[in-house]
Structure formats: C-alpha cells, structure tokens
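Worksheet: the structure to be examined is printed underneath.
This chain uses plain numbering: 1 for the first residue, then up along the sequence.
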Amino acid sequence: QVQLVESGGGSVQAGGSLRLSCVASGYTDSSNCMGWFRQAPGKEREVVAAIATRAGSTYYADAGKGRFTLSQDNAKNTVYLQMNSLKPEDTAMYYCAAASQICYGPGGTWYLLAGKFTYWGQGTQVTVSS
C-alpha cells in the first residue's frame with residue numbers, strides 16, 4: 001500500500017506560480033511511475049506530468065510544457081510540480097498518483113492512462129483567476 005498526500009494548491013492570478021507537493025508513505029519502493037493529473041468540472045481526468053522514478057525521466061503533457069516542472073526528492077519521498085505562468089484554464093483539482101508498473105508502454109513510449117495508477121491522493125485545488 002502507498003499513501004499519497006498532496007498540498008500546495010491555492011488561488012492565484014493568471015501569470016502566477018504554485019508548487020504542488022506529493023508526499024508518499026508506505027511501500028514506496030513499489031512506485032515505479034508517479035504522475036500528476038488534473039480534473040476540471042465536467043471534464044475527464046487528464047495527465048499533466050509524470051516521472052519514471054528510478055530513471056528520473058519526465059513527461060509533460062502539451063498543456064504544461066515550458067511552464068510546469070516535475071521533480072522528486074527521494075530522501076523525502078516527495079514529488080513536486082512547479083507550475084509557472086498559470087492560466088485560467090489550469091484551474092482544476094490536481095491529483096498525485098502512483099503506479100507499480102513502469103511509465104512506458106510497448107515501444108518505450110510513455111503510457112499514462114489514469115487506470116494504470118493504483119494509488120491516488122485526495123487532490124489539491126488550483127484556481128487561477130484572470
């Protein structure tokens with residue numbers, strides 16, 4: 001079992017920044033892939049960024065490329081999502097998720113469907129006003 005606790009959400013104006021944190025506890029060695037997802041009202045949950053925890057390689061969805069940075073601190077069992085230049089369309093509940101499977105699918109491409117991830121945090125709300 002892995003427990004995930006997110007923090008760092010809040011309300012900011014467009015152009016502002018937030019850093020989300022996700023602290024993992026429990027059998028964290030089983031988490032080979034960590035991801036940040038978001039879900040806005042009336043929309044499907046979508047991946048924002050992910051990290052292959054052992055290799056340290058990262059993935060960013062187009063919506064966050066150039067603005068979001070995912071990092072990990074293995075000593076603290078924590079994954080961070082630094083979000084800069086926030087836009088109103090970034091408003092959503094943000095979730096941290098962990099998977100025992102690796103991040104990659106056939107052919108070595110990133111495979112990050114929500115169903116792959118077994119463990120989820122409770123979410124942290126991000127609201128960006130214009």
Side-chain angles (χ1 to χ4, degrees):
Q1 290 286 337
V2 176
Q3 293 79 43
L4 303 172
V5 178
E6 305 101 331
S7 61
S11 296
V12 297
Q13 290 193 328
S17 298
L18 286 172
R19 188 176 81 154
L20 307 184
S21 300
C22 173
V23 179
S25 61
Y27 190 41
T28 57
D29 283 350
S30 67
S31 299
N32 290 297
C33 185
M34 299 284 294
W36 282 98
F37 289 76
R38 68 185 183 186
Q39 187 166 20
K43 295 189 176 181
E44 292 188 358
R45 191 167 296 191
E46 61 178 1
V47 64
V48 175
I51 185 166
T53 57
R54 302 191 191 283
S57 53
T58 52
Y59 164 89
Y60 297 97
D62 288 344
K65 281 182 181 177
R67 301 188 297 125
F68 296 177
T69 304
L70 192 157
S71 60
Q72 63 179 355
D73 184 334
N74 292 330
K76 296 182 178 180
N77 288 328
T78 301
V79 173
Y80 303 97
L81 184 68
Q82 177 68 43
M83 303 188 297
N84 299 327
S85 302
L86 284 163
K87 306 174 181 180
E89 51 263 43
D90 294 319
T91 295
M93 185 72 79
Y94 283 69
Y95 298 91
C96 176
S100 57
Q101 302 173 51
I102 62 175
C103 288
Y104 310 107
T109 58
W110 291 87
Y111 183 69
L112 300 168
L113 293 181
K116 178 192 189 85
F117 293 81
T118 305
Y119 305 105
W120 293 83
Q122 81 287 353
T124 185
Q125 178 68 38
V126 171
T127 302
V128 185
S129 58
S130 58

For the [atom1] atom of [X] and the [atom2] atom of [Y], what is their distance to the nearest 0.5 Å?
X: N77; Y: M34; atom1: CG; atom2: CE; answer: 9.0 Å
X: E46; Y: Q39; atom1: CD; atom2: CD; answer: 9.5 Å
X: S7; Y: Y94; atom1: OG; atom2: OH; answer: 15.0 Å
X: R38; Y: T124; atom1: CZ; atom2: OG1; answer: 14.0 Å
X: Q13; Y: T127; atom1: CD; atom2: OG1; answer: 12.5 Å
X: L20; Y: Q82; atom1: CG; atom2: CD; answer: 8.5 Å

Do you reckon [X] sits in the same ILVMFWY cluster as [Y], going by side-chain contacts under 4.5 Å, direct or chained?
X: M93; Y: L86; value: no
X: V2; Y: F117; value: no
X: V48; Y: V12; value: yes
X: Y80; Y: L18; value: no
X: I51; Y: W120; value: no

Let's go through V23 and Q3 carefully: what are the C-alpha distance in whole Å and the side-chain angles of both, what is the deciding distance for side-chain contact (heavy atoms from CB on, under 4.5 Å) to 0.1 Å, and is it a yes or a no? CA-CA 8 Å; V23 179; Q3 293 79 43; over 6 Å; no

The complete set of disulfide bond (SG atoms under 2.5 Å apart) pairs with one or both residues in residues 85-114, sequence neighbours excluded, reads C22-C96, C33-C103

Can a cation-pi geometry be assigned to R45 and F37, taking NZ or CZ under 6.0 Å from the six-membered ring centre and within 45° of the ring axis? no

Mind listing the closest non-hydrogen atom pair of [X] and [Y] along with its distance?
X: P88; Y: S129; result: CG-C, 4.5 Å
X: T78; Y: K76; result: OG1-O, 2.8 Å
X: K116; Y: Q101; result: O-NE2, 3.9 Å
X: S130; Y: A14; result: CA-CB, 4.3 Å

Note: D90-K87 ion pair, threshold 4.0 Å (strictly below): no

R67 backbone acceptor or donor facing S85 side chain under 3.5 Å: no

Is there a donor-acceptor pair under 3.5 Å between the side chain of Q72 and the backbone N or O of T53? yes

Would you say that L4 contacts Y95 through its side chain, given a criterion of any heavy-atom pair below 4.5 Å between the two side chains? no

Quick one: are Q122 and E6 in side-chain contact, heavy atoms under 4.5 Å? yes

Do any side-chain atoms of residues 54-61 form donor-acceptor pairs under 3.5 angstrom with protein atoms, and if so which ones, sequence neighbours left out?
residue: R54; atom: NE; partner: N32; partner atom: OD1; Å: 2.6
residue: R54; atom: NH2; partner: D29; partner atom: O; Å: 2.6
residue: R54; atom: NH2; partner: N32; partner atom: OD1; Å: 3.2
residue: S57; atom: OG; partner: Y104; partner atom: OH; Å: 2.5
residue: Y60; atom: OH; partner: L70; partner atom: N; Å: 2.8

